[in-house]
Amino acid sequence: MENEYILEIRNLKKYFPTPYGTVKAVDNISLKVKKGTTMGLVGESGSGKSTTGHVVVGLFPPTDGKILFKGQDISMPLERRPKNLKRDIQMVFQDPASSLNPKKIIRDIVGLPLKVHGMVSSREEMEEKVSKLLEMVELPPEDFLYRKPTDLGGGEKQAVSIARAIATNPSFVIFDEPTSALDVSIQAKIINAILNIQKEFRLSSLFITHDLSLMRNISSYVAIMYLGKICEMAPTETFFQKPLHPYTQMLLSSVPVLTKEEEELKPKGIKSVGEIGSPINPPSGCRFHPRCPFATEICKKKEPKLVEVEPEHYVACHLYSSE
Ligand SMILES: Nc1ncnc2c1ncn2[C@@H]1O[C@H](COP(=O)(O)OP(=O)(O)OP(=O)(O)O)[C@@H](O)[C@H]1O
Ligand SMILES: [Mg+2]
């Protein structure tokens, strides 16, 4: 039987040893992405979103746990991953400026993965393919093929990163905050390009953002991360209609809305307080307990498990556990 999930992350940990102690950036998370869907990964700064993406794409091997792609184990270091799978998973990095070689022209930047994976046999063929890719992200090739990243604006650089990520015709792309560094006027253009590409290529993706309204437009499922853990996961609409975790409610109560109806749907009585703790010395029990208005004794002592409270809706919170 064909696997329903393109990506499965099982009990993934990524720890970084530092002079100040071990940073538990990702600390035992599990999630699955269904073929053809987008999973939004949301959380405050430092919650481990980028690290999750970096481990999936193979930038660092996991400290522990497994990553399955199309049913195959890809938890090994990048150089030992099957080559066809390397081509099949791509990432658009959080900082477009530093991920593009400033000395190269756009044709060579976007064309490099095509060369590496033997997908073009001549310079003409490469130029032709790169031109098509640039058109997809609305960068007219005649204006952009021979320019360098240093001549481009933030949105244009991000468009180049997207073109490079889709060059090898991947089936899975990780978008790491692809618009957060951009002006609002340019954000919409980039998001449209991503939506068109997702449709055209039937892409599956992991979309990292801390913008909940954007996530609502782009993803079919959402996972909320807090200090290296997943605290809630659900289909996007369920998530907005019935957020369960106090942290999720806190995030949602600070989203600006347009209509009175939407305002009424927003969780009440939970304000954003405090700051995210340290991933070196995370709080005991539930990592959110120091900021949680509903915390009780058990929350300080025992870590809540992520449990399925209704079909496809998971939450890790003692308020909803039956123990
Ligand atoms: N290479 C590294 N070495 C040491 N610590 C790291 C490394 N990479 C990430 N971290 C730490 O791991 C934690 C999670 O970082 P990560 O970049 O994954 O967070 P994030 O959710 O993407 O945050 P942001 O929204 O700011 O991008 C942070 O405390 C960060 O400082
Ligand atoms: Mg990040």
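Here the structure is a predicted model, which means the values were calculated and not measured. When a ligand or atom number is given, it counts from 1 through the structure's own listing order. Side chains included, hydrogens not; waters and symmetry mates left out as well; all remaining heavy atoms used.
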Quiz item: Cut-off 3.5 Å, side chains only: do Tyr15 and Asp27 have a donor facing an acceptor?
Solution: yes

Quiz item: So, are Asp108 and Lys115 salt-bridged, with charged N and O less than 4.0 Å apart?
Solution: no

Practice problem: Just let me know how His54 lines up against ligand 1, side chain, backbone, both or neither, with a heavy-atom cut-off below 4.0 Å. | Solution: neither

Quiz item: Going by distance only, is there an N or O of Phe60 that falls short of 3.5 Å from an N or O of ligand 1?
Solution: no

Practice problem: Please report which non-hydrogen protein atom sits nearest to atom 17 (O) of ligand 1, along with the residue it belongs to and the distance in Å to one decimal place. | Solution: Ser50 CB, 3.8 Å

Practice problem: Mind checking whether Pro279 contacts ligand 1 via backbone (N, CA, C, O), side chain (CB onward), both or neither, at a 4.0 Å heavy-atom cut-off? | Solution: side chain

Quiz prompt | Face-on cation placement of Arg216 at Phe240 ring, 6.0 Å and 45° thresholds | solution = yes

Quiz item: Protein heavy atoms: any of them under 4.0 Å from atom 14 (C) of ligand 1?
Solution: yes

Self-check item: Under-2.8 Å neighbours of the Mg ion (ligand 2), protein N/O/S atoms only
Solution: 2

Quiz prompt | Pairing of Glu44 and Arg291 as salt bridge, 4.0 angstrom limit | solution = yes

Quiz item: What is the nearest protein non-hydrogen atom to atom 12 (O) of ligand 1, stated with its residue, atom name and distance?
Solution: Ala25 CB, 3.2 Å

Exercise. State plainly whether the residues Arg123 and Glu127 are in salt-bridge range, i.e. N to O under 4.0 Å.
Key: no

Quiz item: Counting only heavy atoms, which portion of Thr51 has something under 4.0 Å from ligand 1: side chain, backbone, both, or neither?
Solution: both

Quiz prompt | Worked check of ring-ring contact (aromatic ring centres under 6.0 Å, His included) between Tyr221 and Phe239 | solution = CA-CA 8 Å; Tyr221 289 85; Phe239 170 82; over 10 Å; no

Self-check item: Charged tip of Lys199 within 45° of Phe201 ring normal and under 6.0 Å
Solution: no

Quiz item: When you measure from atom 11 (C) of ligand 1 to every protein heavy atom, which one gives the shortest distance, and what is it?
Solution: Val23 CG1, 3.7 Å

Exercise. Taking only Lys NZ, Arg NE, NH1 and NH2, and the carboxylate oxygens of Asp or Glu, determine whether Glu303 and Lys229 approach each other closer than 4.0 Å.
Key: yes

Quiz prompt | Closest approach of any protein heavy atom to atom 26 (O) of ligand 1, naming residue and atom | solution = Ser45 OG, 2.5 Å

Quiz item: What atoms in ligand 1 come closer than 4.0 Å to a heavy atom of Ser47?
Solution: 19 (O), 21 (O)

Quiz prompt | Under-4.0 Å salt bridge between Lys32 and Glu4 | solution = no

Quiz prompt | Protein contact to atom 27 (O) of ligand 1 [nearest heavy atom, distance to 0.1 Å] | solution = Gln94 NE2, 2.8 Å

Quiz prompt | Lys49 N/O under 3.5 Å from ligand 1 N/O | solution = yes

Quiz item: For Val160, which of Val137, Leu133, Ile106 qualifies under side-chain contact (heavy atoms from CB on, under 4.5 Å)?
Solution: Ile106

Quiz prompt | ligand 1 to Gly48 polar contact by distance, N or O atoms, under 3.5 Å | solution = yes

Quiz item: Does Thr168 reach the main-chain N or O of Pro113 with its side chain, forming a donor-acceptor pair under 3.5 Å?
Solution: no

Quiz prompt | Salt-bridge present (Lys70, Asp88; N to O < 4.0 Å) | solution = yes

Quiz item: atom 23 (O) of ligand 1: which protein heavy atom is closest, and how many Å away?
Solution: Gly46 N, 2.8 Å

Exercise. Only one of Val222, Ile224, Val42 passes side-chain contact (heavy atoms from CB on, under 4.5 Å) with Thr248; say which it is.
Key: Ile224

Quiz item: Would atom 31 (O) of ligand 1 count as contacted, meaning some protein heavy atom under 4.0 Å?
Solution: no

Quiz item: Does ligand 1 have any atom sitting under 4.0 Å from a heavy atom of Glu177?
Solution: yes

Quiz item: Is any side-chain N of the basic residue among Asp73 and Lys66 closer than 4.0 Å to the acidic one's carboxylate O?
Solution: yes

Self-check item: Protein heavy-atom partner closest to atom 8 (N) of ligand 1 - residue, atom, separation in Å
Solution: Phe16 CE1, 3.4 Å

Self-check item: Polar contact flag, side-chain donor to acceptor under 3.5 angstrom, Asn281-Ser278
Solution: no

Quiz prompt | Side chain, backbone, both or neither: the part of Met225 lying under 4.0 Å from ligand 1 by heavy atom | solution = neither

